[in-house]
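As C-alpha cells, the structure follows; a few thoughts come after it.
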Amino acid sequence: MKDSYIFFSGSDLEKAFTSNENLWDGFNRDFLLQDAPRTLSAADGSIFYKITRFDGKNFEPFETRDSKYCSWLISEASVAFRISRKREYFESARNWIEAVVNTQLWDKAARQENICATVDLSYGNLAYATAFFLDLCGEFCEKEFIERLICKMKENLELGYERFKARPYSRHPYTQNHFYIPFTGFMCLCKALEPYYPEAERYFKESAEFIPLIIDGLGKDGWYYEGIDYFHYAFIWLIRMTEIAERHLGMSLHDKACFTEVWKFMEYSLFPSGKHYFNVGDNSPKQWNFTCLEEIENWTGPAPDLWIQNYSHLLYWVGMKNNSSKCFATAEALIKRGFRLCEGFWTLFWTGKAAEADTSFDSTHIFDDYGIFVSDKKENGNTLRLLAKYGAPMGQSMPLDEDGKAIYKFNAGHVHPDAGSVFAAWNDIPLILGSGYLGRKSGLYLNSIILDSAGQDDDRIYHAFNPATVDYGRLKKLSALKQKNGVLMSFADAYRPEQRVLKMERFAEAVNSRLLRIADEITLGKNAVTEARFRVVSKPEKVSDNIFEWQAGTVKMRFELIFTSVSLTIYIMPGDLITINDNGESGSLECGRINRRGWQIAVITDKAVSSVKWSFAFSVLP
C-alpha cells in the first residue's frame, strides 16, 4: 500500500477497513455491481449511456448524457474495494473504466475563440473518475489495461493543459463551475499520472496559480452565488480541489470564509424544512422551472439533482478542518431529511463531533459580501421566509483594476436577481418566486423596479452575460440596512446612468408569519413610466381595484396595494421569461426567446413621473 494517494493516506484506508455489509451511509451494493456498457459514446461521439441511478426515491434505469452518475459509481466502487477487499467491487469499477476508455470524447462541445472546449463538465467527471481508479486500484490491474487507461488519460491531460494554459490570465471565469469542475478533474489527472508521465508533475505545479483566484472569487460571507441546486452539484468540486491543494501543494485554504461560513448558506437555503426543494431562492434546475406550484406537485420527469443526491456531508470536511461542531450538526440535520449520500464514503474520512442537536440560527441574517438578506418569521408552527437581494453579482470581494473593472473574466452563472428582488415562501410554498431556469440564461424584471420597460444595466447586469459592459465599481455602491425583521435596500447604481436614477429604495419586511410588506421610494432625474413586477405561482383573480388573490395548492394568498402617491394600474400577465442561447443563437437580449410560464402581478404608473412612493402587502390567508 502506498503512503499517499490523491485524497487519502495509506493509514486512512487501513482505518476504514471493515467487514460490514453496509460500508457507509448511502451505500448500495446493487448500484455498484450493475453491468457497464461497452462505451459511454453515442453515435455522434457525444456522451449518452444507460445506468441505474437513484431518482430521489428508488434506484431506477435511466438514459443520460451526464457523466456524473458513472463518475460516482466508479469512485464508490473503488473505495468499496479498498476498504472491504472484495474483488467484485474492483471488477465493477474496472468495467466502467473500460467504458470510459472506449468513450470517444469526454466532452463534445463547440470550439470557442480557438481554445479547446472539449474540456468541460463531462471532462471533469471522467478525469476525476479515471484518476480516482488509477490511484486506488491501478496496482491491481493487468499491464495491458493500465497502458490503455494511461494513454487515454494522457490524451485528456494534454487537452486540459491546452484549456487552462492557452488563455491569458485575465480571460478565465475562475468562479464558474464550468471552470473549476474541469480544472479539478485536470488536477486529478496530473496527480494520478505523475508516476507514468514526466510532464504531469510540471502541469500540476503550474496549475497552482489558479487555485487562490478560484477561492478568493467566492466571497467572504459563505453565500454560494449560483443557488442551492448548483451548490449541491458544484461545491463538492471546490472541496476536492482544496483537499488536493492542501495535501500536495502545501496550501492552507480550508479556513477561507467560503468554507467556514457555508453552513449558513445551507441553513438559510434548506431550513426550516426544505420539504419540496428549498424554501425560497432565485434559481432551480433545468428540468424544473419553479414557476408554478403544479410543477412541484405533479412532477413526472427526472428528479432534480437535489432529490438525487445529498452532499450535506461535505460539511464534515469543513467541520473536520476547522473544528466546527456547528458544521457537523448542520450536516447531520440535513442528512436526516433523507436523499442519498452520493460518495457517502467521505463520512468515513471526514470525522468530527456535532454540537448537541444545535440547528438553531438567527431569525435574520445579512450575507454582506453578496448582498443577501434573509428573514424567518415563525409563529404557531408556521414560517414565512423572506429573501431579498441587493448586492453585486459576484460580491464585494471581486477584485477590480484602477478603472473599476474586474481584473479577470467573471460570469454570474445561473443567478437570476435584479437588485432589489424579493422572494418569499410560507411553509415551503412560494409566495413570491423567481424565474427558474430556462436554457442558458433566463429571467427578466424579477420582482424589482423597471423604468420605461427597461431592466437594469446591460441586458441583465446580474447575469453578467456581457461582463465587459458592467461597471463593477458602481455596483459596489449598492447597500442595505437591516431593520428588525426587514431590510432597507438602496440600489440606484444598478441602473444605467442614462436612466438618471437618483434614489431607488425598497423596504421589505416579514411582519408576521403570514404577512410580507414591501414599500418602494423612487426619485428620478427625468420622467419615466415606473413598474414593479412580482411573480406568483398561479393566476391571481381580482377581488377589488387594489386586491388580488390566488390559490397555491390548498393555500389562498393575497396581494394588496396599501398606498400609492401616483395614479397607477395593476395588471395580471403571464410570466415572461426571456431565454438566451437555448435556441442556438447568441448575442444580446433581443436574440432570445420569450417563454410564458407562471403569472406576474405588474403595478405600472399611468404616465411617466419623476417620483413614486407605494407599498404592498403579500399575505397568506387563514
Side-chain angles (χ1 to χ4, degrees), residues 275-277 279-282 284 288-299 377 382-387 421-436 438 443-450 453 506 508-520 529-578 594-606 612 614-622:
K275 178 181 177 182
H276 292 299
Y277 195 67
N279 275 339
V280 60
D282 60 58
S284 59
W288 176 24
N289 295 299
F290 203 43
T291 52
C292 62
L293 194 62
E294 287 73 18
E295 292 186 11
I296 306 171
E297 295 177 333
N298 301 323
W299 186 259
K377 192 68 175 180
N382 298 312
T383 300
L384 178 66
R385 167 155 295 177
L386 160 66
L387 187 150
S421 288
V422 175
F423 309 88
W426 182 78
N427 294 346
D428 294 328
I429 301 173
L431 180 60
I432 308 176
L433 48 75
S435 68
L438 287 173
L444 187 67
Y445 316 147
L446 295 184
N447 308 335
S448 191
I449 307 297
I450 303 106
S453 298
R506 166 166 282 180
E509 178 188 20
V511 178
N512 57 51
S513 66
R514 289 182 177 269
L515 176 62
L516 168 68
R517 184 179 65 177
I518 297 174
D520 297 331
V529 174
T530 304
E531 176 182 356
R533 292 194 191 186
F534 303 100
R535 298 185 64 84
V536 296
V537 297
S538 57
K539 185 178 180 179
E541 302 295 335
K542 188 173 183 178
V543 176
S544 70
D545 288 344
N546 296 337
I547 298 175
F548 294 79
E549 294 179 354
W550 63 96
Q551 198 77 17
T554 60
V555 179
K556 181 167 283 189
M557 297 181 173
R558 171 183 287 179
F559 164 87
E560 183 175 359
L561 172 68
I562 302 299
F563 166 80
T564 179
S565 65
V566 297
S567 175
L568 55 78
T569 303
I570 303 173
Y571 294 91
I572 303 303
M573 62 178 67
D576 289 350
L577 299 179
I578 296 190
I594 293 180
N595 299 268
R596 296 201 153 178
R597 301 184 62 82
W599 293 88
Q600 292 182 98
I601 299 172
V603 182
I604 308 174
T605 60
D606 291 333
V612 175
W614 51 28
S615 60
F616 318 102
F618 289 82
S619 56
V620 179
L621 301 181

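Both backbone and side-chain heavy atoms feed into the values below; hydrogens, waters and symmetry mates do not.
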Q. For the atom pair CD (Q551) and CE (M557), what is the distance rounded to the nearest 0.5 Å?
A. 9.0 Å
(Q) Has N382 got a side-chain atom pairing as donor or acceptor with N427's backbone, closer than 3.5 angstrom? (A) no
Q. Shortest non-hydrogen contact from L561 to S615?
A. CD1-O, 3.6 Å
Q) Can you check whether L621's main-chain N or O pairs, donor with acceptor, with S619's side chain at less than 3.5 Å? A) no
Q) Can you tell me how far NZ of K377 sits from OG1 of T383, rounded to the nearest 0.5 angstrom? A) 11.5 Å
Q: Run the ring-centre check on F616 versus W614 and record whether the distance is less than 6.0 Å.
A: yes
Q: Answer whether the closest heavy-atom distance between the side chains of F534 and I518 falls below 4.5 Å.
A: yes
Q.
Looking at every non-hydrogen atom in both residues, tell me the closest pair between V422 and A508 and how far apart they are.
A. CG2-CB, 4.1 Å
Q. Can you name the residues that form a side chain to side chain donor-acceptor pair (under 3.5 Å) with T569, not counting sequence neighbours?
A. D606
Q. Can you tell which of V603, T530, I449 makes a side chain to side chain contact (heavy atoms under 4.5 Å, CB included) with V612?
A. T530
Q: State, yes or no, whether a side-chain contact exists between V511 and L516 at a heavy-atom distance under 4.5 Å.
A: no
Q: List in chain and number order the residues that pass salt bridge (Lys or Arg N to Asp or Glu O under 4.0 Å) with K542, two or more places apart in sequence or in another chain; answer none if no residue qualifies.
A: D545
Q.
Rounded at 0.5 Å granularity, tell me how far CZ in R558 sits from CD1 in I547.
A. 5.0 Å
Q | Heavy-atom check, side chain of I604 versus side chain of V529, under 4.5 Å | A | yes
Q) Quick one: are R517 and I562 in side-chain contact, heavy atoms under 4.5 Å? A) no
(Q) Students often mix this up, so state it plainly: with edges at 30° and 60°, are the rings of F618 and W550 parallel, tilted or perpendicular? (A) perpendicular
Q: Compare every heavy atom of W426 with every heavy atom of S513, then report the nearest pair and how far apart it is.
A: O-CD1, 2.9 Å
Q | Minimum-distance pair of heavy atoms, taken over all atoms of N447 and R535 | A | OD1-N, 2.9 Å
Q. Between F548 and P540, which heavy-atom pair has the shortest distance, and what is it?
A. CB-CB, 4.0 Å
Q | For the student: nearest non-hydrogen atoms of R506 and S448, plus distance | A | NH1-CA, 3.7 Å
Q | Minimum side-chain heavy-atom gap L384-L515 below 4.5 Å | A | no
Q: Take E549 and E541 through the test side chain to side chain contact (heavy atoms under 4.5 Å, CB included) and record every step on the way to the result.
A: CA-CA 5 Å; E549 294 179 354; E541 302 295 335; 5.8 Å; no
